[in-house]
Protein chains: 2
Amino acid sequence: MFSKACEYGIKASIFIAINSYEGKRVSPKEIAKEINSPQAFTAKILQALVRHKVINSVKGAYGGFEVNKNELKYIKLSQIVKAIDGDNIYNGCGLGLEKCDENHPCPVHEKFKDVRNELKHMLENTSLEELAMDIKSGISFLKA
Amino acid sequence: MFSKACEYGIKASIFIAINSYEGKRVSPKEIAKEINSPQAFTAKILQALVRHKVINSVKGAYGGFEVNKNELKYIKLSQIVKAIDGDNIYNGCGLGLEKCDENHPCPVHEKFKDVRNELKHMLENTSLEELAMDIKSGISFLKA
DNA sequence: TTTATTTCGGATATTTTTATCCTATTTATA
DNA sequence: TATAAATAGGATAAAAATATCCGAAATAAA
Ligand code: FES
Ligand code: FES
């Protein structure tokens, strides 16, 4: 469904969110340990999220990755997915036609669009804040 | 969402279905032309579908790929997807945890499972027959 | 039985994704 | 200002997905 990069990106963002809530910045090393991902690769993904302004980074000593605590509820999964995998997964054609077009639908268009729209709706309406809350309260987990 | 291989596999199966309906076998060459895919790669995917008994092949002169006309309505998209991409897309964890486990859910589990189940339901309840019918009647298309 | 046709399957090549490594740059503090 | 700590980013490497090529095996028809 999502690329590895995107999975790491989502989990990393959640971990950053939790820490930002407590005013702490985190490093790729801490993140990779917490989400069970390759550190250097994770760092690259974080860079991409910074470029797309999903998260923020502070260089130098006492630096690290953070998100604005007040923006947590406005940062949606869709922003993370779009920054890393693009929006093809929730906007593109399920069978890889150049674009999904009502006037030139692929064989699964009518069936697929509902699934895709539900995915889109889910991604656009799920905030980093709620995901972070569930981790903090031990309801969900970032690694096996 | 689906791999290229899977997209080709689905489209190829539909084209084979249409022809089988008229008692005709088709070659990888005809298929690749019709679905706009690389021929040799498509042939490999067809082999996989044959191994998984989703479609049937006949070697030698006047051979080709076919499906049993009477089974068309019982062949579901899920069989094709499972044969090529495996069932991770509609059974696995959205964030790549080893398995999707209600008792050890990832952050998106509650939100994701509905989407995934709708996808699963769609794949398991969409037959090759109905997809082929829509192509035959010009309602949908196999290529851009 | 020979020939033409067609799928099968192994080997290889290319591209994309995933992953690692090393140096440059930035920045807080001593 | 010097130092240590941290992200940025380029260069590579490894693995997986995508794609191509060719000979072997099977089969129908001449
Ligand atoms: S055209 Fe394929 S999903 Fe809409
Ligand atoms: S545990 Fe991740 S989707 Fe269920």
Side-chain angles (χ1 to χ4, degrees), chain A residues 1-13 15-16 19-20 23-33 35-67 81 83-86 88-89 95-96, chain B residues 1-13 15-16 19-20 23-33 35-67 81 83-86 88-89 95-96:
Chain A
M1 179 76 78
F2 305 114
S3 69
K4 279 285 165 201
C6 195
E7 291 175 1
Y8 299 152
I10 292 171
K11 289 188 273 195
S13 297
F15 181 63
I16 294 167
N19 282 275
S20 292
K24 286 187 295 191
R25 291 172 186 150
V26 286
S27 66
K29 188 174 179 178
E30 294 172 274
I31 295 168
K33 188 183 174 193
I35 72 175
N36 197 29
S37 68
Q39 180 180 329
F41 187 50
T42 305
K44 284 271 186 273
I45 297 159
L46 294 169
Q47 282 180 39
L49 290 173
V50 170
R51 274 196 301 275
H52 284 83
K53 301 189 194 305
V54 177
I55 61 177
N56 183 246
S57 70
V58 179
K59 283 185 187 175
Y62 292 79
F65 294 89
E66 62 182 15
V67 293
V81 172
I84 301 172
D85 281 351
N88 214 277
I89 193 171
L95 291 187
Chain B
M1 181 74 78
F2 304 115
S3 68
K4 279 284 165 202
C6 195
E7 290 176 2
Y8 298 153
I10 292 170
K11 288 187 274 195
S13 298
F15 181 63
I16 294 166
N19 282 276
S20 292
K24 286 187 294 190
R25 292 171 186 152
V26 286
S27 66
K29 188 175 180 178
E30 293 172 274
I31 295 169
K33 187 182 174 195
I35 71 176
N36 197 30
S37 68
Q39 180 181 328
F41 187 50
T42 305
K44 284 271 186 273
I45 297 159
L46 294 170
Q47 283 180 39
L49 289 174
V50 169
R51 274 197 301 276
H52 283 84
K53 302 189 193 304
V54 176
I55 60 177
N56 184 245
S57 70
V58 178
K59 285 185 188 176
Y62 291 79
F65 294 90
E66 62 182 15
V67 293
V81 172
I84 301 172
D85 280 352
N88 212 276
I89 193 171
L95 291 187

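Because only heavy atoms are used, hydrogens play no part in the values below, and waters and symmetry mates are left out as well, while side chains stay in.
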If you find the nucleotide of DNA chain D closest to A:R51 and the one closest to B:P38, which residue's nucleotide is nearer the 5' end?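 Residue closer to the 5' terminus by nearest nucleotide: A:R51.
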Please give me the minimum heavy-atom distance between [X] and [Y], naming the atom from each residue.
{"X": "B:I31", "Y": "B:A12", "result": "CG2-CB, 3.6 Å"}
{"X": "A:K11", "Y": "B:L95", "result": "NZ-O, 2.9 Å"}
{"X": "A:S13", "Y": "A:G9", "result": "OG-O, 2.7 Å"}
{"X": "B:I84", "Y": "B:S3", "result": "CG2-OG, 4.4 Å"}

Between C:dT23 (P) and A:K59 (NZ): distance, integer Å: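 Taking NZ of A:K59 and P of C:dT23, I get 18 Å after rounding.
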Whole-Å gap separating P (C:dT6) and CD (B:E66):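 Those two atoms, CD and P, are 14 Å apart.
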Quick check: on DNA chain C, is the nucleotide nearest B:G63 upstream (toward 5') of the one nearest A:S3, or the reverse? Name the residue that is more 5'.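 The residue whose closest nucleotide sits nearer the 5' end is B:G63.
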Of A:Y62 and B:V50, the one whose closest DNA chain C nucleotide lies more 5':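 Its nearest nucleotide being more 5', the pick is B:V50.
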Considering residues at least two apart in sequence or located in another chain, which fulfil the side chain to side chain contact (heavy atoms under 4.5 Å, CB included) criterion with [X]?
{"X": "A:N19", "answer": "A:F15, A:K24, A:V26"}
{"X": "B:K59", "answer": "none"}
{"X": "B:K33", "answer": "none"}

The criterion is salt bridge (Lys or Arg N to Asp or Glu O under 4.0 Å); which residues satisfy it with B:K4, sequence neighbours excluded?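 With sequence neighbours excluded, B:K4 shows a salt bridge (Lys or Arg N to Asp or Glu O under 4.0 Å) to B:E7, given in chain and number order.
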Please name all residues satisfying salt bridge (Lys or Arg N to Asp or Glu O under 4.0 Å) with B:E30, sequence neighbours left out, ordered by chain then number.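 Applying salt bridge (Lys or Arg N to Asp or Glu O under 4.0 Å) to B:E30 gives none.
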Taking any atom under 4.0 angstrom from a heavy atom of chain A, which nucleotides of DNA chain D are the first and last to qualify, 5' to 3'?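 Range of nucleotides within reach of chain A: D:dA5 to D:dA11.
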Please round to the nearest 0.5 Å and tell me the distance separating atom CD1 of B:I89 and atom CZ of B:F2.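 Taking CD1 in B:I89 and CZ in B:F2, the distance rounds to 5.0 Å.
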Identify, residue by residue, the members of residues 39-49 of chain A with a heavy atom below 4.0 Å from DNA chain D, and return them in order of residue number, or none.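 Close to the strand are A:K44, A:Q47.
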Contacts under 3.5 angstrom, residues 39-58 of chain A side chains, donor-acceptor by atom type, not counting sequence neighbours:
| unit_1 | atom_1 | unit_2 | atom_2 | d |
| --- | --- | --- | --- | --- |
| A:T42 | OG1 | A:S37 | OG | 2.6 |
| A:T42 | OG1 | A:P38 | O | 2.6 |
| A:H52 | ND1 | A:A48 | O | 3.0 |

Heavy atom of residues 24-31 of chain A under 4.0 Å from DNA chain C: which residues?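 Close to the strand, none.
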Are any of A:Y8's side-chain N or O atoms less than 4.0 Å away from OP1 or OP2 of C:dA19?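 Yes, within the criterion.
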